[in-house]
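Hydrogens, waters and symmetry mates are skipped; everything else that's a heavy atom, side chains included, is used. Chain letters run A, B, ... following the sequence lines, proteins first, then strands; residues in each count from 1.
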Amino acid sequence: MWATGDMPAYQIRSPASSLPQAVVVTPSTNNLDNPPMMAEETTRKRELRLFKNREAARECRKKKKEYVKCLENRVAVLENQNKTLIEELKALKDLYCRETD
DNA sequence: CATTTGTATCGTCATGCCCG
DNA sequence: CGGGCATGACGATACAAATG
């Protein structure tokens, strides 16, 4: 997982956040029917799932941030275009007025 | 300086959607 | 269908700035 086996580098924050909170024993996988695969395998699967989802969430947020940045950029571009067009229109109106009187 | 308030980031859970 | 992925929602925590 993490090369060192401890917290990932970016994780400066809470040590508590890595603790599993209120672990719910999934009822369906609850080892009554197949004793051999049990607890160990079950928790292994859970940990794998949590790990994957953690990574997925990270990726998802990164993607979303980029998307928002992109949108903000687009807004800036459009605002500039708008400004330019308004100026252009003003100039043309001006010219037109001059010509008509 | 201690407390409060606002904001960013994270991990987890629930859920919808898609693909085999 | 069932499994896996993407993502919204939520609560916890850390940190910074404001307030008294």
Side-chain angles (χ1 to χ4, degrees):
Chain A
M1 200 169 252
W2 317 117
T4 57
D6 51 314
M7 298 303 282
Y10 66 84
Q11 176 71 284
I12 324 157
R13 290 160 191 274
S14 136
S17 66
S18 62
L19 298 176
Q21 23 136 270
V23 175
V24 181
V25 182
T26 13
S28 56
T29 48
N30 209 2
N31 335 335
L32 289 176
D33 24 345
N34 65 342
M37 129 132 172
M38 312 85 335
E40 200 169 314
E41 179 73 353
T42 304
T43 51
R44 206 192 111 268
K45 279 192 173 180
R46 173 183 158 80
E47 274 164 12
L48 184 63
R49 180 170 52 77
L50 289 183
F51 173 71
K52 283 193 172 182
N53 186 245
R54 202 180 302 140
E55 298 278 288
R58 218 171 274 156
E59 190 55 33
C60 184
R61 285 164 179 149
K62 186 174 154 199
K63 195 173 151 190
K64 188 174 181 176
K65 265 192 170 179
E66 276 161 16
Y67 174 66
V68 168
K69 235 193 259 174
C70 213
L71 284 183
E72 286 169 345
N73 199 40
R74 183 161 166 70
V75 166
V77 167
L78 290 174
E79 277 175 350
N80 276 339
Q81 268 180 23
N82 198 33
K83 222 188 279 177
T84 312
L85 288 172
I86 286 172
E87 286 306 309
E88 197 180 325
L89 180 61
K90 210 165 91 185
L92 287 173
K93 274 182 174 171
D94 221 53
L95 187 62
Y96 177 74
C97 284
R98 251 177 265 277
E99 277 176 8
T100 53
D101 52 50

* In whole Å, what is the span from the CZ atom of A:Arg54 to the P atom of B:dG11? ->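 One finds 6 Å between P of B:dG11 and CZ of A:Arg54, rounded.
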* Tell me: CD of A:Glu55 to C1' of B:dG11, nearest whole Å? ->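 Rounding to the nearest Å, CD of A:Glu55 and C1' of B:dG11 are 12 Å apart.
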Would you say a side-chain N or O of [X] is under 4.0 Å from OP1 or OP2 of [N]?
| X | N | result |
| --- | --- | --- |
| A:Arg58 | B:dC10 | no |
| A:Arg46 | B:dG11 | no |
| A:Lys65 | B:dT9 | yes |

* Who are the side chain to side chain contact (heavy atoms under 4.5 Å, CB included) partners of A:Gln81, not counting sequence neighbours? ->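 So A:Gln81 forms a side chain to side chain contact (heavy atoms under 4.5 Å, CB included) with A:Val77, A:Leu78.
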Between [X] and [Y], is any pair of side-chain heavy atoms under 4.5 Å apart?
| X | Y | value |
| --- | --- | --- |
| A:Tyr67 | A:Lys63 | no |
| A:Asn73 | A:Lys69 | no |
| A:Arg44 | A:Glu41 | yes |

* After noting the C-alpha distance and the side-chain angles of A:Glu55 and A:Lys52, does the key distance pass the salt bridge (charged side-chain N to carboxylate O under 4.0 Å, His left out) rule? -> CA-CA 5 Å; A:Glu55 298 278 288; A:Lys52 283 193 172 182; over 6 Å; no
* Structure fact -> 5' to 3', nucleotides 2-9 of chain C under a 4.0 Å protein heavy-atom cut-off (B base, S sugar-phosphate only, - none) gives ---S-BSB
Side-chain donor-acceptor contacts of residues 91-100 of chain A below 3.5 Å, not counting sequence neighbours, with atom names and distances?
residue  : atom : partner : partner atom : Å
A:Asp94  : OD2  : A:Arg98 : NH2          : 2.3
A:Thr100 : OG1  : A:Tyr96 : O            : 3.1
A:Thr100 : OG1  : A:Cys97 : O            : 3.1

